[in-house]
2 protein chains.
Amino acid sequence: MVKRTSFEKDDCPIARSLDAIGDWWSMLIIREALFGRRRFGEFQKSLGLAKNILTVRLRSLVDQGILKLAPASDGSAYQEYLLTPKGRGVFPILVALRQWSEEFDVHPEEITTVLVDKQSGRPVRKLELYSEDRRLLGAGDTALKPRPGSKRARRVSA
Amino acid sequence: MVKRTSFEKDDCPIARSLDAIGDWWSMLIIREALFGRRRFGEFQKSLGLAKNILTVRLRSLVDQGILKLAPASDGSAYQEYLLTPKGRGVFPILVALRQWSEEFDVHPEEITTVLVDKQSGRPVRKLELYSEDRRLLGAGDTALKPRPGSKRARRVSA
DNA sequence: GCAACTTGGTTTAATAATGCAACCATCGGA
DNA sequence: TCCGATGGTTGCATTATTAAACCAAGTTGC
């Protein structure tokens with residue numbers, strides 16, 4: 001195979017996510033959608049990507065159930081791309097990406113926006129990972145276990 | 001420009017992160033590194049990617065301060081690729097990717113591993129986003145504000 | 001109701017990225 | 001010192017991305 005490798009059949013959920021939305025444009029399209037954009041032209045103008053690429057990406061996102069097509073809300077005959085619950089579920093990934101940049105970027109001063117809590121207008125906290133009994137966990141506090149019931153005892157990876 | 005678009009100069013931190021680690025292999029290399037792999041050959045075998053690509057990716061990750069080269073821990077003349085704090089900071093992104101797949105994948109039964117708390121051996125909770133005063137926040141509870149001090153009032157995007 | 005503009009694409013052709021396989025220099029072990 | 005393992009590099013084929021031109025249907029002005 002000389003084709004771009006696909007992780008669709010990989011048993012690692014990270015690889016599976018990357019296979020679905022792990023390219024730059026898909027992630028940014030979802031970002032724009034979360035921000036309220038819905039129309040082909042809106043995505044195209046705000047992201048500045050080529051229209052043929054946008055076409056392909058939107059189609060893929062719809063196929064995967066991340067976006068869905070709906071009649072335009074302004075009554076015109078055009079269609080809109082709306083986020084499904086699966087699409088809205090990408091939000092934490094985007095927050096994680098944002099916070100990584102905020103914390104480690106070499107030029108943080110070039111970042112012009114802050115994610116705030118709507119109610120108070122104040123910046124949100126960092127994403128937190130907890131154990132079942134609510135201890136805060138870092139990377140070193142976690143491990144991977146084979147999933148009970150999965151007989152395919154393949155390579156165990158993070 | 002006909003070159004692959006870069007988001008290096010974009011003011012959106014999500015785009016900046018994607019520019020740094022937003023390709024499939026970089027993310028997976030970091031995943032492997034978090035899981036303890038350090039040597040060129042280890043990455044190559046576990047990920048099954050072409051060696052020339054691995055070379056390029058490792059170099060880029062080192063250049064960005066995500067990995068650093070160190071003399072091999074086994075005393076040989078070879079070198080190892082170790083995560084820097086910036087590299088370990090990618091952990092929440094990987095967790096977010098994992099959890100998205102766990103929650104929304106069409107074939108969740110193909111996922112063979114669970115991320116557990118080392119201490120108890122039990123699965124971790126979902127990543128949580130809190131406001132400053134510890135209210136749990138969803139996508140709809142947040143907004144983007146221009147960063148105080150940033151005069152470049154450009155397009156505000158998620 | 002019809003010309004002009006907008007929207008939402010498709011097509012084409014060039015350039016860049018990816019993948020595979022073959023090659024190669026150095027290291028390590030017997 | 002020979003031979004395999006390690007850590008790459010090189011060359012070539014395939015695929016992806018891009019900009020730009022083109023196009024058909026929907027909408028608007030008049």
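Here is the naming used below: chain letters follow the sequence lines, and residue numbers restart at 1 for every chain. Side-chain atoms are counted along with the backbone in the values below, which use heavy atoms only and exclude waters and symmetry mates.
- The interatomic distance linking B:N52 (CG) with C:dC20 (P) rounds to 9 Å, in whole Å.
- The distance between atom CG of B:L28 and atom P of C:dT18, rounded to the nearest whole Å, is 13 Å.
- Applying the 4.0 Å criterion to OP1 and OP2 of D:dT6, one finds that B:R39 has every side-chain N and O outside that range.
- Listed by chain and number, the residues in a side chain to side chain donor-acceptor pair (under 3.5 Å) with A:S17 amount to none (sequence neighbours excluded).
- The distance from atom CD of B:Q44 to atom P of D:dG7 is 10 Å, rounded to the nearest whole Å.
- Legend: side-chain hydrogen bond (donor to acceptor under 3.5 Å, both in side chains) pairs involving residues 60-73 of chain B, not counting sequence neighbours, sorted by first then second residue: B:R38-B:S73, B:S60-B:Q64, B:S73-B:E80.
- At its two ends the helix from C:dG1-D:dC30 to C:dA30-D:dT1 runs along axes set 30° apart, each axis drawn from five pairs and the angle rounded to 10°.
- Rounded to whole angstrom, the span from the CG atom of B:D23 across to the P atom of C:dA16 amounts to 18 Å.
- Distance CG (B:L58) to P (C:dT18): 14 Å, rounded to an integer number of Å.
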*Verify salt bridge (charged side-chain N to carboxylate O under 4.0 Å, His left out) between B:E128 and A:R134, making sure each step is shown before the conclusion.*
CA-CA 11 Å; B:E128 291 168 312; A:R134 290 221 159 269; 3.5 Å; yes

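- The nearest whole Å value for the distance from the CG atom in A:L47 to the P atom in D:dT17 is 15 Å.
- Considering only side-chain atoms of A:F40, the nucleotide from D:dT18, C:dG19, C:dG8 that sits closest is C:dG8.
- Close to C:dT18, at under 4.0 Å from its OP1 or OP2, lies a side-chain N or O of B:R57.
- Checking the phosphate oxygens (OP1, OP2) of C:dG8, no side-chain nitrogen or oxygen of A:R38 falls inside 4.0 Å.
- Between A:R59 and C:dT10, a side-chain N or O to OP1/OP2 separation shorter than 4.0 Å is present.
- B:S76 approaches B:R39 most closely through the heavy-atom pair OG-NH1, 4.0 Å.
- To the nearest 0.5 Å, atom NZ of residue A:K45 and atom CZ of residue A:F40 are 12.0 Å apart.
- Counting only heavy atoms from C-beta outward, the side chains of B:L115 and A:P13 never approach each other to under 4.5 Å.
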What does the list of N/O pairs under 3.5 Å between the protein and nucleotides 23-27 of chain D look like, with a distance for each?
| residue | atom | partner | partner atom | Å |
| --- | --- | --- | --- | --- |
| D:dG26 | O4' | A:Y78 | OH | 3.3 |
| D:dT27 | OP1 | A:A77 | N | 2.5 |

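- Within 4.0 Å (heavy atoms only), B:Y81 reaches sugar-phosphate atoms of the nucleic acid but no base atom.
- At least one side-chain nitrogen or oxygen of B:T55 sits closer than 4.0 Å to the OP1 or OP2 atom of D:dT9.
- Applying the side chain to side chain donor-acceptor pair (under 3.5 Å) criterion to B:E132, with sequence neighbours excluded, gives A:R122.
- Look at B:W24 and you won't find any side-chain N or O under 4.0 angstrom from OP1 or OP2 of C:dG19.
- Remark: A:D141 pairs with no residue by the salt bridge (Lys or Arg N to Asp or Glu O under 4.0 Å) rule, at least two apart or across chains.
- A:V124 has its side chain within reach of A:Q99: a pair of non-hydrogen atoms, C-beta onward, lies under 4.5 Å apart.
- Of all heavy-atom pairs spanning A:M27 and A:L94, the tightest one is CG-CD2, 3.6 Å.
- Distances were taken from every side-chain heavy atom of A:I53 (C-beta onward) to each of D:dT9, C:dT10, D:dT17; the shortest belongs to D:dT17.
- We find that CG of A:L54 is positioned 13 Å from P of D:dA19, with the value rounded to whole Å.
- Separating the NZ atom of A:K45 from the C1' atom of D:dA19 is a distance of 19 Å, rounded to the nearest angstrom.
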